[in-house]
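In what follows, every chain begins at residue 1, and chains take the letters A, B, ... in the order their sequences are listed. Predicted model only: the values in this text are computed from it and were never measured.
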Amino acid sequence: MDTHSAPTSEKSDFVRDIVAADLRDGRASGVVTRFPPEPNGYLHIGHAKSICLNFGIAAEFSGRCHLRFDDTNPVKEEQEYIDAIEADVRWLGFNWGEHLYYASDYFEQLYAWAVDLIGQGKAYVDDLSADEIREYRGTLTEPGRESPWRGRTIEENLNLFARMRAGEFPDGARVVRAKIDMASGNINFRDPVIYRILHVAHPRTGDAWCIYPSYDFAHGQSDAIEGITHSICTLEFQDHRPLYDWFIENLPVPSKPHQYEFARLNLTHTVLSKRVLLRLVKDGYVRGWDDPRMPTLTGIQRRGFPAEGIRDFAAMIGVARGDSVVEIEMLEHAVRGVLNRTALRRFAVLNPLKVVIENYPAGQVEEMDVMNNPEDPSAGTRKVPFSRELWIEREDFMEDAPKKFFRLAPGREVRLRSAYFVTCTDVVKDADGDVIELRCTYDPATRGGAAPDDRRPKGTLHWLSAGHAVPAEVRLYDHLFASPFPGSEGRDLFDDLNPESETVLEGCLVEPVLADATVGETVQFERLGYFCVDPESTAGAPVFNRTLTLKDSWAKAQAQTTP
RNA sequence: UGGGGCGUAGCCAAGCGGCAAGGCAGGGGCCUUUGGAGCCUCCAUUCGUAGGUUCGAAUCCUACCGCCCCAGCCA
């Protein structure tokens, strides 16, 4: 387990309550959980909730959690996803030790159990086509009809099943079905398919098989093989629980696991659907699975969200059985909480405006000491060069400034953070009347940012020495979808994409120490937000991704007065 | 009209017969060398609705209403 994770608090939810009760009452002597992804896509923040739940419970109750790939459908699964999933779970801070498994590890056993079921007269080979099976299944309100092949003899079924395995039939020619109850109100009991023919190579087993077990026939039995005590999944599997139990009861499995369901995560302003995420990637709406706007764990990581923040978020939202949509602000709050404590502060000017300090000696350079993190004095200080010509943020100057604008304006004095107080004395404009430079004077007595007479400017600005600033590209990120509920009210999901989810800024400037920042490092650009170094950075040409802005009460007030 | 779930504040969520935790968002204030952070404070006389049981109900019972999931040889 990650050493950074907070000490186990008294987290409580209905799943943990069940586990605790099972342990207390002796229904279980230990806890074994599992996180069972299908390797058909990348993990996203919704999976993080499940990962934190499963690994979290195992850790809290001194048990263990397995990572098991649910790889029973080779037509959708790929090794690339297997590798990415492992990396993402590890990044999140969890460790499965020796317990890495694949449902495909159990194909031989599963096959034997299917034979067993046939031998008991509880499963049969069906020659109906997929369409016919659907017709025979009935509807939600009408019972289904039994397949004409349901009465085959055990011998014939066994023979046919062996020939299915041997590859004698094409895809879709036959399936094996459990013989349960075509009239059940639970459609999963209407003779569910447990084996289908798929002449497709499997990422793990290659061409060893041309028949593959269905999810229902593989999941519970895999749990039983691994000695899983609490098989935790999402709500849509509730209807499958009776079937899960049926296989456990009717097969000579080594243990009897139980399934519990919780509500999957939904988040505003994004989409957590593998199908949609795949399309965003394949159709080029984003830079890839790791695009900083994607809710994938790899995207979130590239965006600069720390794993600890994701874990905090998971703990914050809890676990329950009711469908819900969590506001993305909660995730952002958790991330800011971690970053505020850990991110080093740096100066960066995104939209530069030249400032000349007229009474500052030309050619002089002072190394100002600046705190790396006011929240954490142990982070120390750094030197930031100060000189006669500076850059400040264009937004930090206003020619006709209202009273509540606490920044630079003609005749007004502000503090340049950790440097000096400066007063704007003149404004230089170009032929179009646009401000291109500010002339200021500084007060030598305010070195470091404090005045001997204790006067306190209302505003404090970040700045950069013109002769020392390092150019950088900065990518501003915002919610992937403009609507909190993408695709709601009949809208096309893709029409809700936020056109301003990514804004690339060229010509930004950062302080010298950032010239060789390492990829993945997240810092706070003072007064602007948290930014991390993107993998596309090259030597001398850093690229920063805006992880999150700082909360900005000034911007909020502005938004309210100018609707 | 079948089966399975769920309804506590704008959002997430405790609560398990004794008189509505906490967090996010939002409002107000203090403080501040980040309009950040931090701190203080306000924000459900009421728990989908209607009845009933009880000295007492968000918690128990009944009925109703609303929302979600299920008719893949996906998971």
Point to revise | Distance-only side-chain donor-acceptor flag, E226(A) / H66(A), under 3.5 Å | key: yes

Check your understanding: Hey, is the side chain of S553(A) poking within less than 4.0 Å of OP1 or OP2 on G36(B), counting only N and O atoms?
Key -> yes

Check your understanding: Donor-acceptor pair under 3.5 Å: do we get one between D239(A)'s side chain and the base of G3(B)?
Key -> yes

Check your understanding: Which class fits the ring pair F107(A) and W209(A): parallel under 30°, tilted 30 to 60°, perpendicular over 60°?
Key -> perpendicular

Between protein and nucleic acid, restricted to nucleotides 41-44 of chain B and to nitrogen or oxygen atoms under 3.5 Å apart, what atom pairs and distances do you find?
none

Check your understanding: Within the side chain of N157(A), is there an N or O that forms a donor-acceptor pair under 3.5 Å with the backbone of V125(A)?
Key -> yes

Point to revise | Inter-nucleotide C1' distance (U54(B), U62(B)), Å rounded | key: 16 Å

Study note, to complete from the structure: Residues at least two apart in sequence or cross-chain that pass ring-ring contact (aromatic ring centres under 6.0 Å, His included) with F69(A), listed by chain then number, are Y102(A)

**Study point:** N/O donor-acceptor pair under 3.5 Å between T234(A) side chain and E236(A) backbone
**Key:** no

Practice item. Sorted by first residue and then second, give each salt bridge (Lys or Arg N to Asp or Glu O under 4.0 Å) pair with at least one member in residues 176-193 of chain A; sequence neighbours left out. Key: D126(A)-R177(A), R150(A)-D191(A)

Check your understanding: Where along nucleotides 22-28 of chain B does protein come under 4.0 Å, by heavy atom, of base (B) or sugar-phosphate alone (S), with - for untouched nucleotides?
Key -> -BBSSS-

Revision key, fill the gap. Those residues at least two apart in sequence (or on a different chain) that pass side-chain hydrogen bond (donor to acceptor under 3.5 Å, both in side chains) with N73(A) are none

Review point. Between G2(B) and U53(B), how far is it from one C1' atom to the other, in whole Å?
Key: 33 Å

Review point. Using a heavy-atom distance cut-off of less than 4.0 Å, which residues of residues 445-452 of chain A contact RNA chain B?
Key: G448(A), G449(A), A450(A)

Review point. Which pairs count as salt bridge (Lys or Arg N to Asp or Glu O under 4.0 Å) when at least one residue sits in residues 339-349 of chain A, sequence neighbours excluded?
Key: E308(A)-R341(A)

Review point. Reckon S12(A) has a side-chain N or O less than 4.0 Å from the OP1 or OP2 of A14(B)?
Key: no

Exercise for review: Give me the ring orientation class for H269(A) and H479(A): parallel if the planes are under 30° apart, tilted from 30 to 60°, perpendicular past 60°.
Suggested key: parallel

Review point. Contacts to RNA chain B from residues 195-205 of chain A, heavy-atom cutoff under 4.0 Å, which residues?
Key: R196(A)

Review point. U33(B), C6(B), G15(B): which one has an atom nearest the side-chain heavy atoms of D17(A)?
Key: G15(B)

Point to revise | ring-ring contact (aromatic ring centres under 6.0 Å, His included) involving Y81(A) - partner list, sequence neighbours excluded | key: Y42(A)

Practice item. Taking atom C1' in both A9(B) and G4(B), compute the distance separating them and give it to the nearest angstrom. Key: 29 Å

**Study point:** Nearest-Å distance for atom pair CZ/C1', residues R527(A) and U32(B)
**Key:** 14 Å

Review point. For G72(B), does the glycosidic angle fall within 90° of 0 (syn) or outside that (anti)?
Key: syn

Check your understanding: Centre of Y195(A)'s six-membered ring, under 6.0 Å away, within 45 degrees of the axis: is that where NZ or CZ of R165(A) sits?
Key -> no

Exercise for review: Write down the distance separating the C1' atoms in U32(B) and C39(B), rounded off to the nearest Å.
Suggested key: 11 Å

Review point. Among C73(B), A75(B), G3(B), which is the nearest nucleotide to the side chain of V193(A)?
Key: C73(B)

Check your understanding: Taking a pair as Watson-Crick or G-U wobble with both distances under 3.5 Å, which nucleotide is matched to A58(B)?
Key -> none

Review point. Does R336(A) use its side chain to pair, donor to acceptor, with the backbone of T549(A) at less than 3.5 Å?
Key: yes

Review point. Does the ring of F14(A) carry R321(A) above it, NZ/CZ under 6.0 angstrom from centre and within 45° of its axis?
Key: yes

Exercise for review: Give R345(A) one of three labels, base, sugar-phosphate or nothing, depending on what nucleic acid heavy atoms sit under 4.0 Å from its own.
Suggested key: base

Review point. Quick one: salt bridge (charged side-chain N to carboxylate O under 4.0 Å, His left out) partners of R455(A), sequence neighbours excluded?
Key: E413(A), D443(A), D453(A)

Review point. How are the rings of F35(A) and H47(A) set to each other: parallel, tilted or perpendicular (split at 30° and 60°)?
Key: perpendicular

Study note, to complete from the structure: Among the nucleotides C73(B), G2(B), A75(B), whichever has the atom closest to the side chain of T72(A) is A75(B)

Review point. Is the backbone N or O of F169(A) less than 3.5 Å from a side-chain atom of H199(A), with the two atoms forming a donor-acceptor pair by type?
Key: yes

Review point. What is the nucleic acid contact for F347(A), judged by heavy atoms within less than 4.0 Å: base, sugar-phosphate only, or nothing?
Key: nothing

**Study point:** Shortest side-chain distance from L550(A), nucleotide among C74(B), C68(B), G36(B)
**Key:** G36(B)

Check your understanding: Does any donor-acceptor pair link the side chain of R456(A) with the base of U33(B) at a separation under 3.5 Å?
Key -> no

Practice item. Could you give the distance separating U59(B) and A20(B) at their C1' atoms, to the nearest angstrom? Key: 11 Å

Check your understanding: Of the residues in residues 125-141 of chain A, which ones touch RNA chain B at a heavy-atom distance under 4.0 Å?
Key -> L128(A), S129(A), A130(A), I133(A), R134(A), R137(A), G138(A), T139(A), L140(A), T141(A)

Check your understanding: Between the side-chain atoms of R407(A) and the base atoms of G35(B), is any donor-acceptor pair under 3.5 Å?
Key -> yes

Exercise for review: With sequence neighbours left out, write down each residue that passes salt bridge (charged side-chain N to carboxylate O under 4.0 Å, His left out) with E332(A), or none if nothing qualifies.
Suggested key: none

Review point. Just checking, is any N or O donor in the side chain of Q259(A) or E261(A) under 3.5 Å from an acceptor N or O on the other one?
Key: yes

